Amino acid sequence: MANTPGIPKGTRDFSPEILAKRNYIFDIIKDVFKKFAYRQLETPAMENLSTLTGKYGEEGDKLLFKILNSGNFLKKVTDPELQERDTKKMAHLVAEKGLRYDLTVPFARYVVQHQNEITFPFKRFQIQPVWRADRPQKGRYREFYQCDADIIGSYSLINELEIVQMIDEVFTKLNLEVTIKINNRKLLAGIAERIGYPEKLIDLTVAIDKLDKIGLEKVYEELRLAGISDDAINFLEPILNLGGSFNDQMQCIERFIGETETGVTGIVETEKLFSYLDMFKFNNNIELDLTLARGLTYYTGAIFEVISDEIQIGSICGGGRYDDLTGIFGLKGVSGVGISFGADRIFDVMENLNRFPEDTTSSVKLMFVNFGQKEEKYCLPVLQKLRQNGINSEIFPDSSKMKKQMKYANSNKIPYVALAGENEMQENKFTLKNMETGEQQLVTAAEMIKALT
RNA sequence: GUGGUUGUAGUUCAGUUGGUUAGAACGCCUGAUUGUGGUUCAGGAGGUCGUGGGUUCAAAUCCCAUCUUCCACCCCA
């Protein structure tokens with residue numbers, strides 16, 4: 001045990017079985033992204049540390065993995081600095097690169113860097129791992145995948161509509177029932193303004209976001225802690241307890257924030273988005289949820305979150321509109337809207353509910369049993385032909401005992417085995433065995449190809 | 001960053017108040033079965049008890065440190 005090697009905290013190996021399942025999810029997401037005309041982008045695992053720092057708040061900076069400079073990484077550090085042991089100050093001296101923390105900031109960097117080559121609006125999707133030096137726990141890893149799609153350079157609410165359509169299609173294809181929650185940051189901003197604390201929008205959203213997790217009382221407590229007066233909190237109550245139909249909710253909101261400028265914009269946007277949504281039929285529930293806030297500070301318009309109806313695991317997909325993502329890199333006035341699927345959590349849900357199709361893990365269709373040199377030579381050309389016909393297949397490389405070979409096929413879930421010995425070779429045929437039913441039949445190579453296609 | 005928790009075979013776990021050679025199940029390998037996997041039966045391999053130090057005649061067991069696992073908080077996907 002002490003001698004067996006391991007992997008770093010919060011990381012995982014993906015066995016062929018798990019990877020097959022994960023790819024099943026990725027392929028569905030990827031196909032939907034492509035169908036909606038998003039094009040794939042990849043960025044390097046590492047970015048310049050200066051690109052990453054300061055984008056995720058102070059907490060986020062702490063969670064960045066930094067890469068030690070090559071060579072003498074202490075070259076730039078002076079003796080007094082070394083004595084001081086101020087790691088925060090020293091970090092940029094010994095590390096100039098860091099692992100990406102999400103896909104959005106590298107995307108923003110890409111857009112700004114290549115702004116002259118890009119034709120706007122620009123639609124891209126990106127499926128890559130990200131790294132966070134977080135303390136791992138349930139559903140939380142130091143290396144995990146994000147599946148992002150963003151459109152940047154368009155204010156149209158058609159983009160929001162399409163985001164919802166994509167979400168609906170992905171989860172329909174995955175055979176999962178979900179609820180798509182929609183809100184708008186401008187509504188929240190209107191509320192903050194109305195209760196007299198426009199500058200507390202972030203505190204307000206962070207607190208409201210926890211409503212279904214910690215309950216009303218604790219939310220009030222957080223709001224008080226943030227310095228919001230009891231009067232204002234009481235004033236807020238009807239909004240937090242909002243229910244009923246979309247129209248009821250909108251009426252109530254209108255009464256509440258109808259006089260604030262941002263609030264009105266929020267109402268117009270939300271009503272327009274829902275009027276688009278009304279044009280189509282969706283397989284999943286779509287609801288307006290005023291308590292949906294989402295932590296990310298850069299959202300400015302519509303926000304989305306998806307939760308499973310069948311299992312409690314938190315949000316499995318989220319996104320929203322941001323008006324100034326590239327501003328931090330000096331490119332102003334580019335609005336975008338994006339969505340991110342949490343592949344790892346979707347995996348957990350699928351696994352829990354047993355929703356992966358049976359044949360996900362077995363990509364190999366057939367194995368030739370190896371009886372010896374003469375038989376190998378008889379099988380190899382046929383194997384080649386199967387492969388040319390797009391049938392994933394293999395021959396057991398050694399003429400080991402039959403039992404060992406069958407066991408190999410069995411444990412790798414290979415559905416068919418082909419046997420060719422003296423008898424078969426004389427007739428120029430193969431015995432094709434169905435591993436599941438145990439049935440066997442004598443067939444020609446052509447018949448075998450036909451049976452497996 | 002804070003609090004708790006875990007560590008013994010490939011895996012999941014037993015292991016008494018400290019006391020002979022540390023066990024089980026599953027998995028793996030071999031055989032029963034020289035052209036047939038899953039079932040059955042028999043046999044076999046596999047452990048520096050996370051690591052380092054301490055207490056003791058004696059430590060998987062007690063103490064300290066450290067690493068690790070998992071969980072909650074903060075934050076987040």
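Reminder, nothing fancy here: chain letters follow the sequence lines and each chain counts from 1. Computed from a prediction, not measured in an experiment: that's the story for all the values here. Any value given below was found using the heavy atoms of this structure, including those in side chains, with hydrogens, waters and symmetry copies removed.
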Residues Arg12(A), Glu143(A): salt bridge by 4.0 Å N-O rule:
no

Rounded to whole Å, CZ of Arg135(A) lies from P of rC70(B) at a distance of 12 Å

### Task
Under 4.0 Å between any heavy atoms, over every strand shown, what does Lys413(A) touch: base, sugar-phosphate, or nothing? Just pick one.
nothing

Q.
Once you apply a heavy-atom cut-off of 4.0 Å, does Ser340(A) come out as touching a base, just sugar-phosphate, or nothing?
A. nothing

Lys401(A) NZ to rU30(B) P, in whole Å, measures 7 Å

Non-hydrogen side-chain atoms of Met402(A) and Leu419(A) separated by less than 4.5 Å
yes

Notebook entry, point to check: Given the P atoms of rU12(B) and rC71(B), what is the spacing between them in whole Å?
Noted result: 14 Å

Paired to rA25(B) by Watson-Crick or G-U wobble criteria (both distances under 3.5 Å) is rU11(B)

message = Determine whether a donor-acceptor pair (N or O, by modelled atom type, separation under 3.5 Å) exists between the side chain of Ser315(A) and the backbone of Gly318(A).
response = no

Within 45 degrees of the axis of the six-membered ring of Phe329(A) and under 6.0 Å from its centre: does Arg109(A) put its NZ or CZ there?
-> no

Inset, instruction - Remember a base hit wins even if backbone is also touched, and classify Glu422(A) as base, sugar-phosphate or nothing at under 4.0 Å, heavy atoms. - result: base

(request) Can you tell me, in whole Å, how much space there is between the P of rA9(B) and that of rU61(B)? (result) 15 Å

From CE of Met406(A) across to P of rG37(B) the rounded distance in Å is 6 Å

**Asked** Under 3.5 Å, is there a donor-acceptor pair between the side chain of Asn434(A) and the main chain of Glu436(A)?
**Response** yes

For Tyr101(A), is the NZ or CZ atom of Arg132(A) found under 6.0 angstrom from the centre of its six-membered ring and inside 45 degrees of the ring axis? yes

Between Lys433(A) and rG35(B), is there a side-chain N or O to OP1/OP2 distance below 4.0 Å?
no

In Watson-Crick or G-U wobble terms, with both distances under 3.5 Å, the base opposite rC62(B) is rG54(B)

Worksheet item: Could one point to a donor on the side chain of Glu424(A) or the base of rG35(B) with an acceptor on the other under 3.5 Å away?
Response: yes

Just checking Tyr141(A): base, sugar-phosphate only, or nothing, at a heavy-atom cut-off of under 4.0 Å? base

* Asked: Which part of the nucleic acid, if any, lies within contact of Gly60(A), taking any heavy atom under 4.0 Å across all strands shown: a base, the sugar-phosphate backbone alone, or nothing?
  -> nothing

Item to check | Arg22(A) to Phe14(A), cation-pi by 6.0 Å centre distance and 45° axis angle | outcome: yes

Checklist entry - Does the side chain of Thr431(A) pick up a donor-acceptor pair with the side chain of Glu424(A) at under 3.5 Å? => result yes

From NZ of Lys403(A) across to P of rU30(B) the rounded distance in Å is 9 Å

Closest of rC75(B), rA77(B), rA72(B) to the Gln137(A) side chain is rA72(B)

message: Rounding to an integer number of angstrom, what distance separates rG47(B) and rG19(B) when you compare their P atoms?
response: 24 Å

Touch check for Gly318(A), heavy atoms < 4.0 angstrom, all strands: base, sugar-phosphate only, or nothing?
nothing

Per nearest nucleotide of RNA chain B, the residue lying toward the 5' end, Ala420(A) or Ile316(A), is Ala420(A)

Quiz prompt | rU55(B) and rG18(B), which share atom name C1', separated by this distance in whole Å | solution = 12 Å

In whole angstroms, the gap separating P of rC75(B) from NZ of Lys55(A) amounts to 22 Å

Rounded to whole Å, the CG-P distance (Asn434(A) to rG38(B)) equals 16 Å

note: Gln126(A), atom CD; rA77(B), atom P; distance rounded to Å ~ 15 Å

Indicate, with a heavy-atom threshold strictly under 4.0 Å, whether Glu436(A) touches base, sugar-phosphate, or nothing. base

Any strand, both distances under 3.5 Å, Watson-Crick or G-U wobble: rC75(B) pairs with none

Roughly how many Å apart are rC67(B) and rG4(B), using the P atom of each and rounding to a whole number? 16 Å

When the P atoms of rC70(B) and rC41(B) are considered, how many whole Å apart are they? 36 Å

Rounded to whole Å, the CZ-C1' distance (Arg142(A) to rU69(B)) equals 13 Å

Against the side chain of Lys407(A), the closest entry in rC71(B), rC29(B), rA77(B) is rC29(B)

Per atom distances to the Met402(A) side chain, the nearest of rU2(B), rG37(B), rG35(B) is rG35(B)

* Say you pick atom C1' in rA42(B) and the same atom in rC49(B); how far apart are they, in whole Å? -> 30 Å

Is any N or O donor-acceptor pair between the side chain of Gln440(A) and the base of rU36(B) shorter than 3.5 Å?
yes

From the candidates rG38(B), rA77(B), rU36(B), the one with an atom nearest any side-chain atom of Leu419(A) is rU36(B)

- prompt: Between rA58(B) and rU20(B), how far is it from one C1' atom to the other, in whole Å?
  reply: 12 Å

Assign each of Lys404(A) and Thr431(A) the nucleotide of RNA chain B bearing its closest heavy atom; nearer the 5' end lies the nucleotide of Lys404(A)

